[in-house]
A.B. asks: 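My questions all concern the structure below.
First the proteins, then the strands, lettered A, B, ... as listed; each starts at 1.
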Amino acid sequence: MIGVEKMHWSDVAAKRLAERGEKHIISTGITPSGEFHIGHLREILTGDMLTKAALKAGLDVEFVFIVDSADPLRKVYSFLDDDYEAYIGHQLKQIPPPTPEGKPDHERFSNGISYADHFLEPFKEALDQIDVRPRFIDNFESYASGKFSEMARIACNKATEIREIIERVSGRELSEEWFPWNPIDSTGSIDGITVTGWNDPYVEWIDSNGQSGRSDVTKGEGKLPWRIDWPAKWAWIGVTMEPFGKDHGAAGGSYDTGKEIIELFGKQAPVDLTYEWISLRGQGAMSSSSGNTIGPLEALSLVPPEILRYLIASTKPNKAIEFDTGMGLVTLADEFERTASRDFAIELDNEDLSRRKRVAVEDAQIAVELSSISASNEASQVTFRHLALLAQTKSNDGDVWASIGIQDQVSPSMIDRLHRMRTWIASRHFPEELRITILEHPNSEALALFGDEERTILPRIIELFTTCEWTSPGIQAAISNSAKSIELSPRVAYRTLYLTIMGVEKGPRLPAILSELNRETILSLLKQCL
RNA sequence: GGGCCUGUAGCUUAGUCAGGUAGAGCGACGGACUCUUAAUCCGUAGGUCGCGGGUUCGAACCCCGUCAGGCCCGCCA
């Protein structure tokens, strides 16, 4: 007995789903309290990949994304002006979006754009680019339209049971005034308000200003607290699976209480999948409030969407990811290119493949499948590294295509890729290691590495550079000939040039780069090195 | 304080559930190509599997302890 087949993480989860039936709703949700970041992308991509795996397994599945716009503003975040003090406790759908300076933008708000919308819109654009197309559910609208009515009434009627569950499972003690409904007070806030009575379907309250009133829980005049709000959503939407961050997944966390609370609603808790967080390399966890973020759109301006998908697809959910916008991104992108261009059918055909290797091949194959964007499925003709080189040495796109040899059939995705590469090179994220730098003055440390051969060949190079055709082939011939004419390896000529022009011993292919530069500038630099 | 997750070559990691003397990619190094030397091809080196015990004929894997990082028990993907 070899054992049960091992599978890609998405298939393992799909199998768990299949054990529960045919029809499924996979849900994800995010609070639009600040700028979305690539950490949020893990939530939504994990959900998207689970959906695809479930479809592959023959299940009837729908993917939804709940926008938690009914959540209140918790505090004045660092990117907000103190004017937002007045909105603390107010629901995100009910307050104005910030201007670029962080002030409340009343004008846009009067045009129907809320704080929640402000942050959601760019994220939707990113989702479109990475080909994630969920059904959006606006939580605030859901409350307003009565979707939560039944669950809210059950929760209020079973306040004692819910209190018991939360206190027992989370191990924390709830205050005397605690009630499973947060009404909206006379100013629009759900903070600092005390529930004084419950007369189905009305919650009676008194707020911090001494004002009293009552809220109809079936009309969304308030909201359920998070720990009840979540299972209530599972219940009314019919969620059967939900991936969530490790913060919710810890023992005693909101999933643990939620799975008991939902039973009061007469439903079953969804299958869970806890995923680790994404941090920014060298900077710790990402957080919208601290400004330590990379937005999905910023990430997408640097790399094609399939690379971001690949990052999630190829990493098991319980592994923390350190997102590296420098060399790590190059390595990731190159790994994707290599993997995507493999012929898995042939590899799997090999009978001698060990079990372990076979699983690894299948895993890679599925990761690639989950990464590809439906529209453009072709393999790219260049590695990221190489494209980075070409983009830096050839200012004209046509020259780049000619160098790759695809000038007659340039695909839209290649053009797209080159443009992203140019953006990346211009950004602060581009790794110095890959950046081509041409010296303005000779580097004495580099020249100290000169040997007899280098000293001998330099005058020959200068001589041939003075007369050769200043094109890539012309320069290449000149370099080659400078060495051959005095019976040295071209290697020496290249080393000499790297030391004189870039101050390093090795480097990228020189002829193309030099042809982009001014001949006199190079000659002058070389002569200074004599 | 209680609980959960993670720790494997310089880097990213597979393998841990079902124990059988560690696999891969990147990088590094070396070589090849009458060769655009960060391209391509071939090869080499590199691991006391965080640490210490235990169980076992046998442990990266199971058990106990311990260290480090992260998280939850208010809110956060």
A.B. asks: Please say whether the positively charged group of A/K124, taken as NZ for Lys or CZ for Arg, lies over the ring of A/F136, i.e. under 6.0 angstrom from the six-membered ring centre and within 45 degrees of the axis.
C.D. replies: yes
A.B. asks: Suppose we define a pair by two distances each less than 3.5 Å, Watson-Crick or G-U wobble; what does B/rA18 pair with here?
C.D. replies: none
A.B. asks: What distance, rounded to whole Å, do you find between the two C1' atoms, one in B/rC64 and one in B/rG27?
C.D. replies: 39 Å
A.B. asks: Is the closest side-chain donor-acceptor distance between A/E298 and A/H429 under 3.5 Å?
C.D. replies: yes
A.B. asks: Check the distance between B/rC4's C1' and A/K246's NZ and give it to me in whole angstrom.
C.D. replies: 10 Å
A.B. asks: Rounded to whole Å, please give me the gap between CG in A/D272 and C1' in B/rC72.
C.D. replies: 15 Å
A.B. asks: Report which part of the nucleic acid A/R168 touches: base, sugar-phosphate, or nothing (heavy-atom distance under 4.0 Å, all strands).
C.D. replies: nothing
A.B. asks: With a non-hydrogen cut-off below 4.0 angstrom, is A/R42 in contact with a base, only sugar-phosphate, or nothing?
C.D. replies: nothing
A.B. asks: Rounded to whole angstrom, note down the C1' distance from B/rC63 over to B/rG19.
C.D. replies: 13 Å
A.B. asks: Give me, pair by pair, the N or O atoms of the protein and of nucleotides 29-36 of chain B that are less than 3.5 Å apart, along with how far apart they are.
C.D. replies:
from	atom 1	to	atom 2	distance (Å)
B/rU34	O2'	A/K484	NZ	3.3
B/rU36	OP1	A/Q476	OE1	3.2
B/rU36	OP2	A/Q476	NE2	2.4
B/rU36	O5'	A/Q476	OE1	3.0
B/rU36	O5'	A/Q476	NE2	2.7

A.B. asks: Would you measure the distance from the P atom in B/rC72 across to the matching atom in B/rC29 and give it in whole Å?
C.D. replies: 43 Å
A.B. asks: Rounded off to whole Å, could you give me the OH-to-P distance for the A/Y275 and B/rC76 pair?
C.D. replies: 12 Å
A.B. asks: Rounded to whole Å, please give me the gap between CZ in A/F36 and P in B/rC76.
C.D. replies: 14 Å
A.B. asks: Output yes when at least one side-chain N/O atom of A/W277 is less than 4.0 Å from OP1 or OP2 of B/rC5, else no.
C.D. replies: no
A.B. asks: Looking at B/rA77 and A/F244: do their rings stack (centroid distance under 5.5 Å, interplanar angle under 30°)?
C.D. replies: no
A.B. asks: Taking all atoms of both residues into account, what is the closest heavy-atom pair of A/D191 and A/G89, and its distance?
C.D. replies: OD2-CA, 3.5 Å
A.B. asks: In whole Å, what is the span from the OH atom of A/Y255 to the P atom of B/rA77?
C.D. replies: 19 Å
A.B. asks: Taking the side chain of A/L389 as its heavy atoms from C-beta onward, which of B/rC26, B/rA38, B/rC71 lies nearest to it?
C.D. replies: B/rA38
A.B. asks: When all nucleic acid strands are considered with a 4.0 Å heavy-atom cut-off, which category describes A/T31: base, sugar-phosphate, or nothing?
C.D. replies: sugar-phosphate
A.B. asks: Check this for me, if you would: do A/R417 and A/E306 make a salt bridge, where the nitrogen-to-carboxylate-oxygen distance has to be below 4.0 angstrom?
C.D. replies: yes
A.B. asks: Start at the 5' end of RNA chain B and walk down; is the nucleotide closest to A/D71 or to A/A493 reached first?
C.D. replies: A/A493
A.B. asks: Looking at the side chain of A/D247, which of B/rC76, B/rC5, B/rG70 is the nearest nucleotide?
C.D. replies: B/rC76
A.B. asks: Indicate, with a heavy-atom threshold strictly under 4.0 Å, whether A/V492 touches base, sugar-phosphate, or nothing.
C.D. replies: base
A.B. asks: Without decimals, in angstroms, what is the distance between A/L332 CG and B/rG27 P?
C.D. replies: 14 Å
A.B. asks: Rounded to whole angstrom, note down the C1' distance from B/rA28 over to B/rG46.
C.D. replies: 9 Å
A.B. asks: Determine the interplanar angle of the A/Y87 and A/H90 rings, folded into 0 to 90°, and report it as parallel if under 30°, tilted if 30 to 60°, perpendicular if over 60°.
C.D. replies: perpendicular
A.B. asks: Are the ring centres of A/Y255 and A/F244 closer than 6.0 Å?
C.D. replies: yes
A.B. asks: A/E322 CD to B/rC5 P: how many Å, rounded?
C.D. replies: 21 Å
A.B. asks: Please report the distance separating the C1' of B/rG15 from the corresponding atom of B/rG31, rounded so that it comes out in whole Å.
C.D. replies: 33 Å
A.B. asks: With a distance cut-off below 6.0 Å to the six-membered ring centre and an angular limit of 45° from the axis, does A/K246 pair with A/W277 as a cation-pi contact?
C.D. replies: yes
A.B. asks: Quick one: is B/rG15 close enough that its OP1 or OP2 comes under 4.0 Å of any side-chain N or O from A/K316?
C.D. replies: yes
A.B. asks: Please give the distance between the C1' atoms of B/rG52 and B/rU12 as a whole number of Å.
C.D. replies: 29 Å
A.B. asks: Between B/rA18 and B/rU13, how far apart are the C1' atoms? Round to whole Å, please.
C.D. replies: 23 Å
A.B. asks: Report the residues that fulfil ring pair (Phe, Tyr, Trp, His ring centres under 6.0 Å) with A/Y143, sequence neighbours left out, ordered by chain and then residue number.
C.D. replies: A/F148
A.B. asks: Choose from B/rG25, B/rC76, B/rC5 the nucleotide whose nearest atom is closest to any side-chain atom of A/N318.
C.D. replies: B/rC5
A.B. asks: Rounding to an integer number of angstrom, what distance separates B/rC11 and B/rC17 when you compare their P atoms?
C.D. replies: 26 Å
A.B. asks: At under 4.0 Å, does any side-chain N or O of A/T339 touch on OP1 or OP2 of B/rG25?
C.D. replies: no
A.B. asks: Nearest-Å distance, CZ (A/R227) to P (B/rC76)?
C.D. replies: 9 Å
A.B. asks: Need to verify one output field. Residue with the more 5' nearest nucleotide on RNA chain B, A/G253 or A/E43?
C.D. replies: A/G253
A.B. asks: Is it the case that A/H248 and A/S254 place a side-chain donor and acceptor less than 3.5 Å from each other?
C.D. replies: yes
A.B. asks: I want to check one thing: is the phosphate of B/rG7, taken as OP1 and OP2, less than 4.0 Å away from some side-chain N or O of A/K319?
C.D. replies: yes
A.B. asks: NA contact type, A/Y498, heavy-atom cut-off 4.0 Å: base, sugar-phosphate, or nothing?
C.D. replies: sugar-phosphate
A.B. asks: Is it true that A/N139 and A/S69 share a donor-acceptor pair across their side chains at a distance under 3.5 Å?
C.D. replies: no
A.B. asks: Picking from B/rC5, B/rA77, B/rC72, which would you name as closest to the side chain of A/A250?
C.D. replies: B/rC72
